[in-house]
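Working notes, structure below.
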Amino acid sequence: MNAIRSRWFMRMAENIGKSNLESSAAASSASTTTSRGFWPSVLRWIPTSTDHIINAEKRLLSLVKTPYVQEQINIGSGPPDSRVRWFRSSSNEPRFINTVTFDSKDDSPTLVMVHGYAASQGFFFRNFDALATRFRVIAIDQLGWGGSSRPDFSCRSTEETEAWFIDSFEEWRKAKNLSNFILLGHSFGGYVASKYALKHPEHVKHLILVGPAGFSSESERITKFISTWKGSILNQIWESNFTPQKIIRGLGPWGPDMVRKYTSARFVTNTTGEMLTESESRLLTDYVYHTLAAKASGELCLKYLFSFGALPRSPLLERASEWKVPTTFIYGFQDWMNYEGAQEARKHMKVPCEILRVPQAGHFVFIDNPSGFHSAVVYACRRFLSSDPDSESLPQWLTTA
């Protein structure tokens, strides 16, 4: 069924492209190619572009009072036959990482924030003002996400896919001339941050993992479910690398309405914490749509890094004994990511590790309960913010695990 739908969408797109090309032939030069007629047609069916993403980001960040600088950081380029897999593409254009840096005091520690899957740095919009009073906050869109470059995704293994994110982040770090920073990653971004810290521990002085992926150990339950006919079908869909973003693109001009229903349900109607205001919901919906509907790139990592059920193909639990960076885990009380994996990892770590839980919050703890999240982050970084960190008590309402 998926193959039939894919062929149908391909034929539809080709017909639209041909129609567009024929109608504009009189005004076009003889050198106009079919591909040039095809893409504008698709972009009209999917009403987004990189400019749309950046503009939506600016509108969302208009809610933030702290001045900031938005940059496209050049992380280099490589020829189509480059041995660096994440550079391998149909062009040798430079790659860029979309970056926002917020004003701060000169002596503030640097906090780098990395978003999760199907998200971008704008998801932290409720946190920038508060965190910028204590940190030099830098947030990025990972390669292939948000307003960053979206090269063709050519990875075909777990190792190559990890290199796509880890090595591109390292090139970004070099371009920004950063070192000795605090690295915060949410969900899938927590997985990437962990893998980066394992490879480059010399640059990270503290790791904050917010509902991180990669620590789950519930394989028995998932294996049992896959043995059922429903589980088998869902597993086949997963292994075909079908992503939620494909649904958004397939809906074309109806995609924004679907995203609006999701954000309204998740962050307003069924929120576990502080509801979004009307303006926050509207601006976040606009931003989320454009980041999801743009060209598929980083999203195609999923099946190479995780098996069905979000089980890591290269489990972080197995590398806990190699940990070299002090780590704080942060989970919402209602987070679907189980903190028991973090508890198991801590048993094998030879560095300081703590687990904090934030009430009235789910997986998006920083949106659901921003003040609780800010308290957790500041407490996690007390060694860098307080002259007497040992005297700092756990903030009210937070609990440890």
- [ ] Output the distance between atom CG (Leu284) and atom OH (Tyr289), rounded to the nearest 0.5 Å.
- [x] 15.0 Å

Open item on the list: Please give me the minimum heavy-atom distance between Cys381 and Ile182, naming the atom from each residue.
Closed with: SG-CD1, 3.7 Å

- [ ] Given side chain to side chain contact (heavy atoms under 4.5 Å, CB included), test Cys301 with Phe153 step by step and report yes or no.
- [x] CA-CA 8 Å; Cys301 71; Phe153 190 84; 4.0 Å; yes

Task: Side-chain heavy-atom pair Phe384, Phe135 within 4.5 angstrom cut-off - done: no

TODO: Say whether Tyr191 and Glu162, considering side chains only, have a donor N or O and an acceptor N or O under 3.5 Å apart.
DONE: yes

Open item on the list: Would Phe215 and Phe329 count as a ring pair (Phe, Tyr, Trp, His ring centres under 6.0 Å) here? Give the steps.
Closed with: CA-CA 11 Å; Phe215 289 90; Phe329 291 87; 5.1 Å; yes

Open item on the list: Taking Ser168's backbone N and O only, do any of them form a donor-acceptor pair with Gln142's side chain (distance below 3.5 Å, no angle check)?
Closed with: no

TODO: Report yes or no: does Ser149 contribute a side-chain atom to a donor-acceptor pair with the main-chain N or O of Phe96 at less than 3.5 Å?
DONE: yes

TODO: Measure from the side-chain N and O atoms of Thr161 to the backbone N and O of Ser157, and report whether any donor-acceptor pair falls under 3.5 Å.
DONE: yes

Open item on the list: Tell me if the centroids of the rings in Phe306 and Trp238 come within less than 6.0 Å of each other.
Closed with: no

- [ ] Can you measure from CG (Asn55) to OG (Ser49) and round to the nearest 0.5 angstrom?
- [x] 8.0 Å

Task: Exercise: identify the closest heavy-atom pair between Ala175 and Ile73 - done: CB-CG2, 3.5 Å

TODO: Side-chain contact test, heavy atoms from C-beta onward, threshold under 4.5 Å: evaluate it for Val112 versus Lys176 and give yes or no.
DONE: no

- [ ] Kindly check if the number of other-residue, nucleotide or ligand heavy atoms within 6.0 Å of CD (Gln334) is above 12?
- [x] yes

TODO: Find out whether Ser264 and Thr269 are in side-chain contact, i.e. whether some heavy atom of one side chain is under 4.5 Å from a heavy atom of the other.
DONE: yes

Open item on the list: Working to the nearest 0.5 angstrom, can you tell me the gap between Thr243 OG1 and Leu302 CG?
Closed with: 8.5 Å

Task: Min side-chain heavy-atom separation Trp323-Lys350 under 4.5 Å - done: no

Open item on the list: Can you confirm whether Gln245 sits close enough to Leu292 that some side-chain heavy atom of one is under 4.5 Å from a side-chain heavy atom of the other?
Closed with: yes

TODO: Carefully, step by step, assess Asp335 and Arg357 under the rule salt bridge (Lys or Arg N to Asp or Glu O under 4.0 Å).
DONE: CA-CA 9 Å; Asp335 196 335; Arg357 300 186 67 204; over 6 Å; no

Open item on the list: How about NZ on Lys303, more than 12 heavy atoms from neighbouring residues, nucleotides or ligands closer than 6.0 Å, or not?
Closed with: yes

Open item on the list: Distance alone, cut at 3.5 Å: any donor-acceptor contact between the side chains of Glu392 and Tyr379?
Closed with: no

- [ ] Can you see which heavy atom on Asp141 is nearest to which on Ser120, and at what distance?
- [x] OD1-CB, 3.3 Å

TODO: Assess whether atom CD of Glu322 is packed by more than 12 heavy atoms of other residues, nucleotides or ligands within 6.0 Å.
DONE: yes

Task: Side chain to side chain, Leu61 and Phe128, heavy atoms closer than 4.5 Å - done: yes

Open item on the list: Return the NE2 to CZ distance between His348 and Arg346, rounded to the nearest 0.5 Å.
Closed with: 11.5 Å

Open item on the list: Quick check: closest heavy atoms across Leu276 and Ser281, and the distance to 0.1 Å?
Closed with: CD1-CA, 3.9 Å

Open item on the list: So which atom in Ser62 and which in Leu283 form the shortest heavy-atom distance, rounded to 0.1 Å?
Closed with: OG-CD1, 4.4 Å

Open item on the list: Once rounded to the nearest 0.5 Å, what's the spacing between atom CE of Met337 and atom CG of Leu209?
Closed with: 11.5 Å

TODO: Report yes or no: do Trp172 and Thr99 form a side-chain donor-acceptor pair below 3.5 Å?
DONE: yes

TODO: Using the six-membered ring wherever Trp is involved, compare the ring planes of Phe366 and Phe124 and label them parallel, tilted or perpendicular (cut-offs 30° and 60°).
DONE: tilted

Open item on the list: Within the 4.5 Å heavy-atom criterion, are Phe308 and Ile226 side-chain neighbours or not?
Closed with: yes

Open item on the list: Please verify the inter-ring angle class for Phe123 with Phe267; under 30° counts as parallel, over 60° as perpendicular, anything in between as tilted.
Closed with: perpendicular

TODO: Return yes if some donor-acceptor pair links the side-chain N/O of Ser148 with the main-chain N/O of Asn98 below 3.5 Å, else return no.
DONE: yes

TODO: Report the relative orientation of the aromatic rings in His186 and Phe364; use parallel for angles under 30°, tilted for 30 to 60°, perpendicular for over 60°.
DONE: tilted

Task: side chain to side chain contact (heavy atoms under 4.5 Å, CB included), paired with Val377, selected from Ile208, Leu385, Leu356, Val210 - done: Ile208

Open item on the list: Please list all pairs meeting ring pair (Phe, Tyr, Trp, His ring centres under 6.0 Å) that have one or both residues in residues 46-69, counting only residues at least two apart or in different chains.
Closed with: His52-His290, Tyr68-Phe102

Task: side chain to side chain contact (heavy atoms under 4.5 Å, CB included) assessment of Val325 paired with Lys205 - done: CA-CA 6 Å; Val325 179; Lys205 63 181 181 181; over 6 Å; no

TODO: Give the minimum heavy-atom separation between Glu299 and Ala296, together with the two atoms involved.
DONE: OE1-CA, 3.5 Å

TODO: Examine distances only and state if a side-chain atom of Ser386 and a backbone atom of Arg382 form a donor-acceptor pair shorter than 3.5 Å.
DONE: no

Task: Presence of salt bridge, Arg383 and Glu354, under 4.0 angstrom - done: no

TODO: Apply side chain to side chain contact (heavy atoms under 4.5 Å, CB included) to Ser194 and Leu207, showing your working.
DONE: CA-CA 8 Å; Ser194 297; Leu207 190 61; 4.2 Å; yes

Open item on the list: Contact between Pro352 and Thr327 at the side-chain level, heavy atoms closer than 4.5 Å - yes or no?
Closed with: no

TODO: Can you establish whether the number of heavy atoms outside Asn177 located under 6.0 Å from its atom CG is more than 12?
DONE: no

Open item on the list: Which residue in the set Arg126, Arg266, Gln360, His363 passes side-chain hydrogen bond (donor to acceptor under 3.5 Å, both in side chains) when paired with Asp368?
Closed with: Arg266

Open item on the list: Looking only at the side chains, is there a donor atom on one of Ser108 and Asp106 sitting less than 3.5 Å from an acceptor on the other?
Closed with: no

- [ ] Indicate yes or no: does Glu171 engage Arg95 in a salt bridge with an N to O separation below 4.0 Å.
- [x] no

TODO: Kindly compute the distance separating CG (Leu394) from OG1 (Thr399), expressed to the nearest 0.5 Å.
DONE: 7.5 Å

- [ ] Examine the side chains of Thr66 and Asp129 and answer whether a donor and an acceptor come within less than 3.5 Å of each other.
- [x] yes

Task: Derivation and outcome, side chain to side chain contact (heavy atoms under 4.5 Å, CB included), residues Leu183 and Phe181 - done: CA-CA 6 Å; Leu183 181 58; Phe181 55 89; 4.0 Å; yes

TODO: Hey, can you tell me if Tyr117 and Phe188 have their rings parallel, tilted or perpendicular (30° and 60° cut-offs)?
DONE: perpendicular

Open item on the list: Any salt bridge linking Arg313 with Glu239? Criterion: basic side-chain nitrogen under 4.0 Å from a carboxylate oxygen.
Closed with: yes

- [ ] Determine, for Asp286 against Arg282, whether the closest basic-nitrogen to carboxylate-oxygen distance falls under 4.0 angstrom.
- [x] no

Open item on the list: Would Lys195 pass as a cation-pi partner of Phe165, given that its NZ or CZ must be under 6.0 Å from the six-membered ring centre and within 45 degrees of the axis?
Closed with: no

